[in-house]
Amino acid sequence: MRAIPFVEVQEVNGQKVVIATGKRKTAVARAVIRPGSGIVKINGVPLTIWPMEVARLKMMEPLALAGRDLVNKVDIDVTVSGGGFMGQASAVRMAIARGLVEYFQSKELLNLYMLYDSTMIKGDERRTEPKKPGLKHARSKRQKAYR
């Protein structure tokens with residue numbers, strides 16, 4: 001199986017613990033996956049009561065694709081910081097997907113995530129373009145008059 005980037009496996013008290021990192025723009029999420037009963041928390045808040053619905057649905061995608069039987073075997077604690085709420089949601093989504101694939105060592109789960117949306121595992125390399133000197137924005141120019 002291919003190595004998943006930014007994933008670390010540890011042994012704590014005889015149990016397997018996976019620490020996975022996900023990044024999107026300036027948001028960074030670290031997911032700790034350990035044996036448990038299916039509890040998912042983001043910054044200490046249960047995912048089911050996360051305030052922004054669009055972000056919550058995005059963060060739940062890897063859990064929904066994996067299925068209840070796999071998700072109910074683990075507890076997931078995610079710490080996320082930086083960026084806006086959608087960047088954070090994408091970073092959390094990536095960290096959870098990478099962590100689940102590594103925890104269960106499942107090639108089928110990896111293929112499912114890659115077919116659904118490859119940025120769940122690989123990430124999105126797009127960044128903001130830097131502002132140019134003398135201009136207001138990255139690509140703004142002065143208007144040109146032809147007559």
Side-chain angles (χ1 to χ4, degrees), residues 1-133 135-141:
M1 193 166 117
R2 285 188 300 210
I4 306 297
F6 305 107
V7 175
E8 182 183 329
V9 180
Q10 296 178 353
E11 192 82 19
V12 178
N13 296 333
Q15 294 181 328
K16 181 180 181 181
V17 175
V18 173
I19 301 170
T21 305
K23 293 181 181 180
R24 173 73 172 106
K25 291 186 176 179
T26 57
V28 180
R30 285 179 187 80
V32 179
I33 300 175
R34 59 176 65 92
S37 58
I39 298 169
V40 181
K41 288 187 177 182
I42 287 87
N43 289 343
V45 178
L47 181 59
T48 53
I49 61 167
W50 192 256
M52 273 115 359
E53 186 180 4
V54 179
R56 181 180 348 124
L57 293 173
K58 192 165 192 78
M59 290 186 271
M60 286 177 129
E61 282 178 1
L63 303 172
L65 289 171
R68 278 268 140 231
D69 53 331
L70 288 182
V71 174
N72 286 337
K73 294 178 183 176
V74 294
D75 283 346
I76 304 172
D77 282 319
V78 185
T79 313
V80 63
S81 63
F85 72 95
M86 283 312 284
Q88 285 188 351
S90 296
V92 167
R93 170 185 186 233
M94 186 187 305
I96 290 174
R98 285 176 173 176
L100 288 176
V101 167
E102 187 61 38
Y103 187 87
F104 293 111
Q105 290 291 308
S106 171
K107 203 171 186 73
E108 294 81 31
L109 193 58
L110 175 64
N111 290 335
L112 179 66
Y113 287 154
M114 291 296 280
L115 282 174
Y116 181 78
D117 185 1
S118 63
T119 59
M120 274 188 179
I121 304 295
K122 294 194 302 187
D124 191 348
E125 73 284 346
R126 294 178 297 170
R127 296 294 179 265
T128 56
E129 190 173 336
K131 179 187 165 296
K132 309 303 184 291
L135 301 176
K136 286 185 176 179
H137 304 286
R139 295 188 177 214
S140 64
K141 303 278 186 287

Item checked: Between CG on residue Leu110 and CD on residue Gln105, distance to nearest 0.5 Å -> 10.5 Å
Notebook entry, point to check: With a 4.5 Å limit on heavy-atom distance, are the side chains of Lys122 and Met114 in contact?
Noted result: yes
Checklist line | More than 12 heavy atoms from other groups under 6.0 Å of NZ on Lys131 | finding: yes
Margin query: What verdict does the side-chain contact (heavy atoms from CB on, under 4.5 Å) test give for Phe104 and Val74, after you've listed the backbone C-alpha separation in whole Å, the side-chain angles of each residue and the deciding distance to 0.1 Å?
Written below: CA-CA 10 Å; Phe104 293 111; Val74 294; 3.9 Å; yes
Margin query: Does Arg126 have more than 12 heavy atoms from other residues, nucleotides or ligands lying within 6.0 Å of its CZ?
Written below: no
Check: What pair of heavy atoms forms the shortest contact from Tyr113 to Ala66, and how long is it?
Finding: OH-CB, 3.7 Å
Notebook entry, point to check: Salt bridge check: are Glu129 and Lys132 linked by an N-O gap of less than 4.0 Å?
Noted result: yes
Notebook entry, point to check: When you look at NZ of Lys136, are more than 12 heavy atoms from neighbouring residues, nucleotides or ligands closer to it than 6.0 Å?
Noted result: no
Checklist line | Of all pairs that satisfy salt bridge (charged side-chain N to carboxylate O under 4.0 Å, His left out), the ones with a partner from residues 11-31, not counting sequence neighbours | finding: Arg24-Asp124
Notebook entry, point to check: When you look at CZ of Phe6, are more than 12 heavy atoms from neighbouring residues, nucleotides or ligands closer to it than 6.0 Å?
Noted result: no
Margin query: Rounded at 0.5 Å granularity, tell me how far OG1 in Thr119 sits from CD in Glu125.
Written below: 10.0 Å
With a 3.5 Å cut-off and sequence neighbours excluded, list the donor-acceptor pairs that the side chains of residues 82-101 form with protein atoms.
residue: Gln88; atom: NE2; partner: Gly82; partner atom: O; Å: 3.0
residue: Ser90; atom: OG; partner: Met86; partner atom: O; Å: 3.2
residue: Arg93; atom: NE; partner: Glu61; partner atom: OE1; Å: 2.8
residue: Arg93; atom: NH1; partner: Asp117; partner atom: OD2; Å: 3.2
residue: Arg93; atom: NH2; partner: Glu61; partner atom: OE1; Å: 2.9
residue: Arg93; atom: NH2; partner: Asp117; partner atom: OD2; Å: 2.7
residue: Arg98; atom: NE; partner: Ile121; partner atom: O; Å: 2.8
residue: Arg98; atom: NH1; partner: Thr21; partner atom: O; Å: 2.7
residue: Arg98; atom: NH2; partner: Ile121; partner atom: O; Å: 2.8

Can you give me every donor-acceptor pair (side chain of residues 33-50, partner residue at least two apart or in another chain, under 3.5 Å) with its distance?
residue: Arg34; atom: NH1; partner: Asp77; partner atom: OD2; Å: 3.0
residue: Asn43; atom: OD1; partner: Val80; partner atom: N; Å: 2.9
residue: Asn43; atom: ND2; partner: Val80; partner atom: O; Å: 3.2

